[in-house]
Amino acid sequence: MSPKNIFIFSSLLAIGLIISLSLLNASFLWLLVVVAPIVLIGIMDMLQTKHTIRRNFPVIGNFRYILEKIRPEIMQYFVETDTEGRPIDRLNRSVIYQRAKKVNDTTPFGTQLNVYDVGYEWMNHSIYALNKTQTVKELRVLVGGKDCTQPYNASILNISAMSFGSLSKNAIVAMNTGAKIGNFAQNTGEGGLSPYHLESGGDLIWQIGTGYYGCRTNEGKFCPDTFQEKASLEAVKMIEIKISQGAKPGHGGILPAIKNTPEIATIRGIEPYVDIYSPPSHTAFSDAYELMTFVQQLRQLSGGKPIGFKLCIGKKSEFEDICKAMISTKIKPDFIAIDGGEGGTGAAPVEFSNSLGMPLRDGLAFAVDTLTKYDLKEEIKVIASGKVFTGFDIARSIALGADMVNSARAMMLATGCIQALRCHSNTCPAGVATQDESLMSGLVVSDKAQRVANFHEETIKSFSDLLAASGIKKPSELTREHINRRTSINEVQKYSDIYPYFREGRHLEVN
């Protein structure tokens, strides 16, 4: 007998039995309160035409979809080990939560990592480790080249690009308040400058994406007037041109219609309740020389604030062309942010997340080496972004040549994110990546703001402690020789072997 026939037979039998018993005692009719809804669900399952499983297996077929829906939670809490979780494993999630709450973040009984696995990495320490009085007290980086009249003294760790729209207003305010408390910066993401970014007075890096949200004409082109007005705000410390991001390079940002509220649409200058796809490339420039002209235009309009751009490395020749354009035009950005293919996003096609864009370490080493080859690195600060969670992650990026780092998902976790993987559905249970008022109301800004500040403080401290243990007084002394990677069971290579340095000024000739 098929499951469908079993359901029909069981339903008729149960209803018949209840009716028979009710003739003896009317109280048995209350059983229909339980049985009737189940029978109704089964009938609806058999009549619907979208799901074969439900048609063939009435009632019990629904459990398949229920379990599928809660699969991330089942995997996270009951199945995966501390080191296996994706995209962020439990070890890293735990240390972020612990540092955000300022509770004990030490680990007992030794590492859970297999130190003989291929890919295991570690730093070289010194038997002449330094104490805290011998290292740099404040880990900050001055961003601004010779043409910048308003340089910014940035923290070595800042909040990476996340837009209002992708994140809730409560999450944006909490992060900005945390940035204010901890004296570091928040990148606005390409969604424009919202009132919530400005509410607490924390330092901002205003990101200008391909949609030019917040500084666009009715036709979606760049608007110099609105840009100049907002770039002059005191809170805006730097401006970043978003060329591409690691999670979906060459695609442009995505804002699902369900998250595109009238308020967000007004801030961005778009139509509400429709899916918004930012263009894959800019209309303000179409080659490397026009990009440099755009950099110069933004610098002038902003009153001399640091101007840079963010990209995930794709075609290496295109980055070389940008370097050649810098030399030919004598226009240089004040900073370049390198995003890795492992970077996060609220929504992206799976092919773009999984199979497009150079991973951070490879892209960062290439970018730094290319800038060095063209004798450009000294004046341009390089920012690394892509799975930066701990002090060691900062150290690894600095060793590869970055001057500072940005972190997005770690800051989300510090704000309360539980990695429910619902960023694109507007149903984030933690109120972080949603526009649902009932969900975001559970995120208490004052509490989460302090946690964001705590995470920043404790992570900077852990990085400083690593430097001291390695006998290094300041980040600029950290080199590729300090990082080791196991490449086979019996072979270890330094980063200087995996990513060999290039000699400065080696390719200054420009065709």
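Quick note: residue numbers are just sequence positions, from 1. Scope of the values below: all heavy atoms of this structure, side chains included, with no hydrogens, waters or symmetry mates.
Not a single donor-acceptor pair under 3.5 Å links the side chain of Ser166 to the backbone N or O of Met162. Ser155 places a side-chain N or O within 3.5 Å of a backbone atom of Leu157 that can act as its donor or acceptor partner. With hydrogens and angles disregarded, a donor-acceptor distance shorter than 3.5 Å links the side chain of Ser244 to the backbone of Cys312. With hydrogens and angles disregarded, a donor-acceptor distance shorter than 3.5 Å links the side chain of Ser462 to the backbone of Thr459. Of the possible donor and acceptor atoms, one in the side chain of Thr329 sits under 3.5 Å from a partner among the backbone N and O of Ala325. In this structure, Tyr212 contributes its side chain and Ala284 its backbone to a donor-acceptor pair below 3.5 Å. Listed for the Lys387 side chain is a donor-acceptor partner under 3.5 Å among the backbone atoms of Pro87. The closest donor-acceptor contact from the side chain of Ser407 to the backbone of Val388 lies under 3.5 Å. Side-chain atoms of Asp117 never come within 3.5 Å of backbone atoms of Tyr120 as a donor-acceptor pair (strictly under, hydrogens ignored). Without hydrogens or angle criteria, Glu457 side chain to Ala453 main chain gives no donor-acceptor distance under 3.5 Å.
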Q: Decide yes or no on salt bridge (Lys or Arg N to Asp or Glu O under 4.0 Å) for Asp403 and Arg140, but give the supporting numbers first.
A: CA-CA 9 Å; Asp403 297 285; Arg140 304 193 73 83; over 6 Å; no
Q) After noting the C-alpha distance and the side-chain angles of Glu458 and Asn454, does the key distance pass the side-chain hydrogen bond (donor to acceptor under 3.5 Å, both in side chains) rule? A) CA-CA 6 Å; Glu458 294 300 309; Asn454 290 345; over 6 Å; no
Q: Go through the steps for Tyr196 and Ser168 under the test side-chain contact (heavy atoms from CB on, under 4.5 Å), then give the verdict.
A: CA-CA 9 Å; Tyr196 309 110; Ser168 70; over 6 Å; no
Q: Please lay out, stage by stage, how Gln186 and Asn176 fare under the test side-chain hydrogen bond (donor to acceptor under 3.5 Å, both in side chains).
A: CA-CA 6 Å; Gln186 175 188 29; Asn176 191 257; 2.9 Å; yes
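In summary, Asp369 and Lys373 do not engage in a salt bridge, as defined by a charged side-chain N under 4.0 Å from a carboxylate O. Under a 4.0 Å N-O distance rule, the pair Arg396/Asp393 qualifies as a salt bridge. Contact check on Arg451 versus Asp447 returns a salt bridge, with a Lys/Arg side-chain nitrogen under 4.0 Å from an Asp/Glu carboxylate oxygen.
Considering only heavy atoms from C-beta on, Pro151 stays 4.5 Å or farther from Lys305 through its side chain. Taking 4.5 Å as the limit, some side-chain heavy atom of Leu298 sits within range of a side-chain heavy atom of Ile241.
The minimum heavy-atom distance linking Leu467 with Lys474 is given by the pair CD1-C, 4.2 Å. Pairing each heavy atom of Thr479 with each of Ala399, the nearest pair is O-CB, 3.5 Å. Contact detail for Pro224 and Gln297: the closest heavy-atom pair is CG-NE2, 3.9 Å. Across Val143 and Asp334, no two heavy atoms sit closer than the pair CG1-O, 3.9 Å. Across Leu478 and Ala395, no two heavy atoms sit closer than the pair CD2-O, 3.2 Å. Here the closest non-hydrogen pair linking Trp122 and Arg486 is CZ3-N, 4.2 Å.
Legend: side-chain hydrogen bond (donor to acceptor under 3.5 Å, both in side chains) pairs involving residues 224-235, not counting sequence neighbours, sorted by first then second residue: Glu234-Lys237.
For the side chain to side chain donor-acceptor pair (under 3.5 Å) with Tyr213, the lone residue among Ser163, Ser278, Ser194 that qualifies is Ser278. Evaluated for a side chain to side chain donor-acceptor pair (under 3.5 Å) with Glu190, the options Gln207, Lys310, Lys242, Arg268 yield exactly one hit, Lys242. With Arg485 as reference, Glu121 is the one residue of Glu121, Gln493, Glu491 to meet the side chain to side chain donor-acceptor pair (under 3.5 Å) rule.
Counting only N and O atoms by type, the side chains of Asn158 and Asn187 include no donor and acceptor under 3.5 Å apart.
In this structure, Phe294 has its ring center under 6.0 Å from that of Phe222. With ring centers used as reference points, Tyr495 lies 6.0 Å or more from His482.
In this structure, CG in Asp339 is found 6.0 Å from OG in Ser160, a value given to the nearest 0.5 Å.
Phe455 does not carry Arg99 over the face of its six-membered ring by the limits of under 6.0 Å from the centre and within 45° of the normal. In this structure, Arg480 forms a cation-pi arrangement with Tyr501, its terminal cationic atom sitting closer than 6.0 Å to the ring centre and no more than 45° off the ring axis.
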